[in-house]
Each structure stands twice: as structure tokens, then as C-alpha cells.
Amino acid sequence: MPEHVRIREVGPRDGFQNEPEVIATDDKVRLVELLARTGVSRLEVTSFVRADVIPQLADGAEVLRRAEIPDDVSVTVLIPNERGLENALELRDRFDEVNLFLSASEMHNRKNVNRSIAESLSGLERVIARARGEELRCEGVISVAFGCPYEGEVPRERVLEIARRLVDAGCEEIAFGDTTGMANPIQVERFFDGLDLGVELTAHFHNTRGQGLANVVAALRAGVRSFESSFGELGGCPVPPGATGNVATEDLVSMLHEMGYETGIDLGRVLEAARAAQEVLGRPLGSHVLTAGPVEWQRG
């Protein structure tokens with residue numbers, strides 16, 4: 001029986017937030033609904049950040065309210081702080097999981113959320129306690145876990161100290177983000193080798209320098225079975241400039257299926273959603289399978 005790999009589609013949040021042109025709410029709802037019917041089990045729909053910080057997601061509550069998502073799809077929203085959680089809880093019946101984030105380097109955390117790591121952790125511990133009280137599953141996301149564009153190398157032990165704090169606070173999943181595409185496969189395999197925090201471990205790679213799928217394979221070799229990706233290779237980190245490109249969901253699914261893993265995701269439907277996103281954005285998207293099409297083995 002093929003081994004199963006879990007994928008969370010993050011395009012409607014992590015992908016859309018990086019687009020310079022405002023995407024119409026109707027288009028967002030349509031794309032979310034297309035993604036929700038691909039067979040993906042987890043879907044990050046939006047975030048509850050301030051509209052002046054990420055104007056693209058100012059309509060997040062409306063998208064969450066309107067999108068028709070099958071009951072078997074776990075809906076995730078990104079929560080930056082206690083106020084964000086308060087706003088999200090007005091739509092508590094529309095989501096199951098919260099994504100809570102901070103950076104593994106002081107400078108990136110300052111530029112991203114204008115807080116020190118210690119301040120972020122203290123705030124997140126309060127948010128996690130409240131979220132767990134609302135019976136929400138909590139994912140802690142650690143950005144720049146494999147390298148920081150401002151500080152360079154990020155010590156593994158520092159990343160794991162942050163991860164342990166998040167686990168102790170109540171997170172049931174920890175995602176390690178290669179936020180600006182600095183990781184390499186040897187580094188990734190060493191990072192995850194033997195790692196056991198007692199919770200689900202997730203890898204979130206960006207394809208900024210073309211190593212995203214190679215890093216996925218390295219993580220698989222080290223035992224990781226949970227990944228985050230974005231249809232059409234949309235997205236990236238708003239800071240610093242140039243850090244674009246999540247691993248494309250269709251590229252990831254295609255590769256995993258070719259390698260003999262099961263995802264439960266219909267590749268054709270992901271491609272349908274990516275083509276629809278191309279039409280909405282009015283430009284070609286960067287994923288390889290979207291350009292070349294799926295592999296077709298001519299087996300007699």
C-alpha cells in the first residue's frame with residue numbers, strides 16, 4: 001500500500017498576499033472552491049492580519065464566509081496576534097485550524113512583525129491557549145528556519161528551542177519554513193534527521209532558487225510526511241524583495257505520485273485551479289507541470 005503524504009494548500013493566503021494587483025473577492029471565492037475540490041485535505045484560506053498590512057487579504061472574512069468548502073477539508077486561517085484571533089472567532093464555524101508564526105532570526109522577525117522573538121513567543125503562547133480553548137488545532141510556523149537573508153546562518157538549536165516552546169504551548173504541528181529559498185538538500189536532510197518533537201512535523205519550501213523539490217525529497221528521506229505548497233507556484237515572503245515562489249502544489253503532487261506516494265489529490269483538478277488563477281492574474285504562472293503537463297507513461 002502506498003505511503004501517504006499530507007499536503008496543505010496555502011495558495012489562497014500565502015500565494016495571494018504576494019500579488020501586487022488586487023484580486024476580486026468573487027475570484028478568490030471561486031479559486032478557493034476549486035482548490036477545495038481537488039482532494040486536498042487541508043486548505044489555508046486567508047489570514048486575519050490588519051488590512052493596512054496586507055491589503056490583498058482585507059476581504060479575508062468575506063471569502064471565508066462565502067466559500068463553499070466540503071466538510072472533509074480542514075480549513076486553516078493565519079492568526080498574527082490576539083486581536084487577529086478575536087476577529088477570526090466571529091467566524092469560528094468556518095475553520096478548524098490556526099496557523100501561528102514567527103521567525104527564527106531576530107532581524108527577520110523585527111522586519112516581519114516588529115517584535116523580538118521573545119515578544120512573539122510570549123504573545124503566541126497566549127493566542128495558542130485561547131485557540132485551544134476554542135478547540136482549534138494549532139500549527140506553529142517558524143520562518144527562515146534554514147537561513148535568514150539578513151543574518152545568514154540560523155543555528156538549528158535556536159530553531160528547535162522555538163519549536164519546543166510552541167509545542168509546550170499546545171501546538172500539534174510545527175512547520176519549518178524556508179521562507180526565502182536558502183535551504184539545500186543536504187542541510188534539510190541533516191536538519192530533520194532523527195527529529196522528534198512529539199507532534200506533526202511539516203516542511204514549507206520556497207522555490208526561489210530552484211531547489212524546492214530537491215529539498216522535499218531530502219525531507220522525505222529524513223522521514224517528513226507533511227508539506228505545504230501553493231498552486232501555480234504563487235507566493236513568497238513580502239520581505240525581503242525577490243523572495244518569491246512557494247513550491248507549486250501541482251509540481252509537488254506530480255513528483256510524489258511518480259515516486260509512488262499517495263496524496264489523495266487529483267492532479268488534474270489542481271491544474272484546473274492553476275489555469276483559472278492564470279486567467280485571473282493575466283499572466284503565466286511558474287509551475288513546471290502547468291507548462292509541460294503531467295507525465296504520461298505509454299504503457300501497453
Side-chain angles (χ1 to χ4, degrees), residues 8-18 28 32 41-67 69 73-104 108-145 162-163 165-177 179 199-200 202 204 226 228 230 235-239 246:
R8 177 183 283 106
E9 169 62 57
V10 300
R13 195 280 303 174
D14 197 354
F16 291 170
Q17 75 174 17
N18 218 43
K28 289 177 184 171
V32 165
S41 60
R42 301 190 288 187
L43 178 60
E44 188 178 55
V45 171
T46 191
S47 73
F48 283 84
V49 299
R50 294 195 337 246
D52 61 319
V53 175
I54 303 183
Q56 183 70 264
L57 301 182
D59 59 353
E62 184 179 354
V63 172
L64 189 64
R65 186 182 297 111
R66 286 176 50 189
I69 299 174
V73 178
S74 292
V75 175
T76 308
V77 297
L78 181 141
I79 302 294
N81 49 39
E82 290 178 271
R83 180 176 295 180
L85 181 61
E86 287 288 343
N87 293 335
L89 288 175
E90 295 177 11
L91 292 167
R92 171 64 187 87
D93 63 328
R94 303 295 294 167
F95 63 97
D96 317 283
E97 302 182 303
V98 292
N99 167 336
L100 309 132
F101 66 96
L102 78 164
S103 302
H108 191 275
N109 208 59
R110 287 281 185 192
K111 288 183 177 290
N112 204 28
V113 297
N114 197 29
R115 289 183 175 187
S116 69
I117 291 174
E119 289 170 333
S120 281
L121 279 170
S122 295
L124 290 180
E125 285 168 340
R126 292 192 296 273
V127 174
I128 293 165
R130 176 74 189 281
R132 290 299 299 270
E134 296 288 341
E135 298 184 348
L136 288 162
R137 187 176 186 274
C138 296
E139 178 200 22
V141 179
I142 305 174
S143 300
V144 299
I162 295 170
R165 280 278 296 271
L166 293 171
V167 171
D168 289 345
C171 284
E172 298 172 71
E173 177 182 359
I174 302 294
F176 299 92
T179 312
V199 298
E200 182 171 17
T202 296
H204 181 126
S226 176
E228 295 181 343
S230 176
C237 179
V239 290
N246 287 280

**Q** Does the distance from a Lys or Arg side-chain N to an Asp or Glu carboxylate O, for E86 and R126, drop under 4.0 Å?
**A**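 R126 and E86: not salt-bridged.
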
**Q** Can you tell me how far the CD atom of E9 sits from the OG atom of S41, to the nearest 0.5 Å?
**A**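 Atom-to-atom, E9:CD and S41:OG are 11.0 Å apart.
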
**Q** Can you tell if the side chain of V45 reaches within under 4.5 Å of the side chain of R13, non-hydrogen atoms only?
**A**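 No; the side chains remain at least 4.5 Å from each other.
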
**Q** Show your reasoning for whether side chain to side chain contact (heavy atoms under 4.5 Å, CB included) applies to L136 and L89.
**A** CA-CA 10 Å; L136 288 162; L89 288 175; 4.1 Å; yes

**Q** Verify the distance criterion only: is there a donor paired with an acceptor across the side chains of T76 and E97 at less than 3.5 Å?
**A**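 Their side chains do contain a donor-acceptor pair, which is all the 3.5 Å distance test asks for.
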
**Q** Is the backbone N or O of G84 less than 3.5 Å from a side-chain atom of N81, with the two atoms forming a donor-acceptor pair by type?
**A**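 Judged by distance alone, yes, a pair lies under 3.5 Å.
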
**Q** Could you tell me which non-hydrogen atom of L57 sits nearest to which non-hydrogen atom of P12, and how far apart they are?
**A**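 For L57 versus P12, the nearest heavy atoms are CD2-O, 3.9 Å.
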
**Q** How long is the span from the CD atom in E173 to the CG atom in L100, to the nearest 0.5 Å?
**A**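 Going from the CD atom of E173 to the CG atom of L100 covers 11.0 Å.
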
**Q** Which is it for S230 and D14 under the side chain to side chain contact (heavy atoms under 4.5 Å, CB included) test, yes or no, and what are the steps along the way?
**A** CA-CA 7 Å; S230 176; D14 197 354; 5.7 Å; no

**Q** Using a 4.5 Å cut-off on heavy atoms from C-beta on, say whether the side chain of S143 contacts that of L102.
**A**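 With C-beta onward as the side chain, the pair stays apart.
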
**Q** Side chains of I174 and V141: does their closest heavy-atom pair fall under 4.5 Å?
**A**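 Answer no - side chains too far apart.
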
**Q** Enter the distance from I142:CD1 to R165:CZ here, rounded to the nearest 0.5 Å.
**A**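 It is 11.5 Å, given to the nearest 0.5 Å.
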
**Q** Please give me the minimum heavy-atom distance between A104 and I162, naming the atom from each residue.
**A**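 Reported closest heavy-atom pair: CA-CD1, 3.8 Å.
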
**Q** Considering residues, nucleotides and ligands other than R50, do more than 12 of their heavy atoms fall under 6.0 Å from its CZ?
**A**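 Check fails, neighbour count at 12 or below.
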
**Q** Look at atom CZ of R92 and say whether more than 12 heavy atoms of other residues, nucleotides or ligands are closer to it than 6.0 Å.
**A**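 Yes.
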
**Q** Once you round to the nearest 0.5 Å, how far does OG1 of T46 lie from CZ of R94?
**A**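 Nearest 0.5 Å value for the OG1-CZ distance: 13.0 Å.
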
**Q** Return yes if a side-chain donor-acceptor contact under 3.5 Å exists between S120 and N109, otherwise no.
**A**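 Side chains of S120 and N109: pair found under 3.5 Å.
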
**Q** Could you report the tightest heavy-atom contact between V32 and A67, atom names first, then the distance?
**A**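 Residues V32 and A67, closest heavy atoms: CG1-CB, 3.8 Å.
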
**Q** Identify the heavy atoms of P80 and L124 that sit nearest to each other, and give their distance.
**A**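 Scanning both residues completely, I find the closest heavy atoms to be O-CD2, 4.4 Å.
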
**Q** Going through the checks in order, is the side-chain hydrogen bond (donor to acceptor under 3.5 Å, both in side chains) test met by R42 and S226?
**A** CA-CA 11 Å; R42 301 190 288 187; S226 176; 2.9 Å; yes

**Q** Grab the two heavy atoms, one from T179 and one from V144, that are nearest each other, plus how far apart they are.
**A**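 Closest heavy-atom pair between T179 and V144: OG1-N, 2.7 Å.
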
**Q** Are any of the side-chain nitrogens in R137 or E200 under 4.0 Å away from the carboxylate oxygens of its partner?
**A**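 Yes, charged N to carboxylate O under 4.0 Å.
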
**Q** How many angstroms lie between CZ in F48 and CG in N99, if you round to the nearest 0.5 Å?
**A**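 These two atoms lie 13.0 Å from each other.
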
**Q** Look up atom CD in E172 and atom CG in L166, then write down how far apart they are to the nearest 0.5 Å.
**A**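 Reported to 0.5 Å precision, the distance equals 13.0 Å.
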
**Q** Quick one, E135 and D96 - any side-chain contact, counting heavy atoms below 4.5 Å?
**A**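 The answer is no, as the side chains (C-beta and beyond) never meet within the 4.5 Å cut-off.
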
**Q** Ignoring hydrogens, what is the shortest heavy-atom contact between L85 and V127? Give both atom names and the distance.
**A**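 That would be CD2-O, 3.7 Å.
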
**Q** Are any of the side-chain nitrogens in E139 or R8 under 4.0 Å away from the carboxylate oxygens of its partner?
**A**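 Judged by the 4.0 Å cut-off on N to carboxylate O distance, E139 and R8 do form a salt bridge.
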
**Q** Stepwise, does the side chain to side chain contact (heavy atoms under 4.5 Å, CB included) test hold for R132 with I128?
**A** CA-CA 6 Å; R132 290 299 299 270; I128 293 165; 4.1 Å; yes

**Q** State, yes or no, whether a side-chain contact exists between E119 and R110 at a heavy-atom distance under 4.5 Å.
**A**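 The answer is yes; the side chains approach within 4.5 Å.
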
**Q** Is any side-chain heavy atom of Q56 closer than 4.5 Å to a side-chain heavy atom of K28?
**A**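 Yes, their side chains come closer than 4.5 Å.
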
